[in-house]
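Chain naming here is simple, since letters A, B, ... match the order of the sequence lines and numbering starts at 1 in each.
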Amino acid sequence: AQSVTQPDIHITVSEGASLELRCNYSYGATPYLFWYVQSPGQGLQLLLKYFSGDTLVQGIKGFEAEFKRSQSSFNLRKPSVHWSDAAEYFCAVGAQGTYKYIFGTGTRLKVLA
Amino acid sequence: EAQVTQNPRYLITVTGKKLTVTCSQNMNHEYMSWYRQDPGLGLRQIYYSMNVEVTDKGDVPEGYKVSRKEKRNFPLILESPSPNQTSLYFCASSLAQVTDTQYFGPGTRLTVL
């Protein structure tokens with residue numbers, strides 16, 4: 001069965017520090033992978049997505065993610081965090097050949113000034 | 001402005017009283033979906049629709065109904081709400097494929113007493 005695991009429920013970083021949010025997936029075929037951000041009281045916004053090709057994907061707001069098939073991971077990174085990045089981040093898998101999505105449980109990011 | 005709208009944004013109701021949460025998109029998207037978000041569980045897909053009159057169950061469809069009579073609208077119906085349906089609900093739409101970007105509505109916070 002497909003699943004998405006985000007092992008970190010909360011992460012706290014200082015402004016200007018680098019960030020890495022972890023995502024591991026379980027899926028039989030090549031997955032379609034997504035990272036979304038949810039600011040407080042808002043809906044979700046797509047940061048980036050991966051289907052095939054270059055395993056390093058660039059997204060909006062300075063985020064990037066790397067697909068590692070051998071580790072079944074799709075970790076989100078940012079070299080220098082801004083206070084406005086404080087939000088909840090969700091990793092998701094889209095099932096090939098269907099219209100279903102599986103979301104992780106989310107990682108809440110806190111940014112210290 | 002391209003957007004997904006949901007109404008109402010907040011709703012408090014009592015067990016057994018039928019309710020409908022509306023969702024509308026103005027982007028001519030074929031695909032629409034409903035999710036519920038619960039603490040520690042992330043987003044879980046309730047139902048989705050690939051086009052008018054075409055719907056299918058997500059992971060947690062019990063207690064919910066949907067209909068897609070027009071391309072722009074995808075209402076979520078709770079015919080006999082129960083307290084375990086207290087949650088934050090999101091509607092989303094995308095062009096057509098699972099690889100297309102999903103655009104999320106602002107959410108509807110439902111409390112069932």
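Interface remark: A:Y50 contributes no atoms to any contact with chain B (heavy atom separation under 4.5 Å). A:K100 touches chain B through backbone and side chain together, each having a heavy atom under 4.5 Å away. For A:Y101, the parts lying under 4.5 angstrom from a heavy atom of chain B are both the backbone and the side chain. Interface remark: B:A92 contributes no atoms to any contact with chain A (heavy atom separation under 4.5 Å). Contacts of A:Q38 with chain B are made by side-chain atoms alone, with heavy-atom separations under 4.5 Å and no backbone atom involved. A:I102 touches chain B through its side chain: at least one heavy atom from C-beta onward sits under 4.5 Å away, while N, CA, C and O do not. With a 4.5 Å cut-off on non-hydrogen atoms, A:Y99 touches chain B through its backbone and its side chain both. For chain A, the nearby part of B:Y35 is the side chain; its heavy atoms alone come within less than 4.5 Å. No part of B:Q6 comes within reach of chain A, as not one of its non-hydrogen atoms sits under 4.5 angstrom from that chain. Only the side chain of A:E88 comes within contact range of chain B, with at least one heavy atom under 4.5 Å from a heavy atom of that chain. For B:L43, the parts sitting under 4.5 Å from any heavy atom of chain A are the backbone and the side chain alike.
At least one side-chain heavy atom of B:F90 sits less than 4.5 Å from a side-chain heavy atom of B:Q37. A heavy-atom distance below 4.5 Å is found between the side chains of A:K78 and A:D85.
Under the 3.5 Å distance criterion, the side-chain polar atoms of B:Q85 are matched with a main-chain donor or acceptor of B:G63.
The aromatic rings of A:F63 and A:Y89 sit tilted, their planes meeting at an angle between 30° and 60°.
Proximity of the aromatic rings of A:F34 and A:F74 is defined here by a centroid distance below 6.0 angstrom, and this criterion is not met. Two rings, from B:F74 and B:Y47, have their centers 6.0 Å or more apart.
Counted by atom type alone, A:S72 and A:N24 present zero donor-acceptor pairs between their side chains at under 3.5 Å. Defined by atom type and a distance below 3.5 Å, a donor-acceptor pair is present between the side-chain atoms of B:S82 and B:N84.
Among the candidates B:Q45, B:R109, B:K57, the residue making the largest number of heavy-atom pairs closer than 4.5 Å to chain A is B:Q45.
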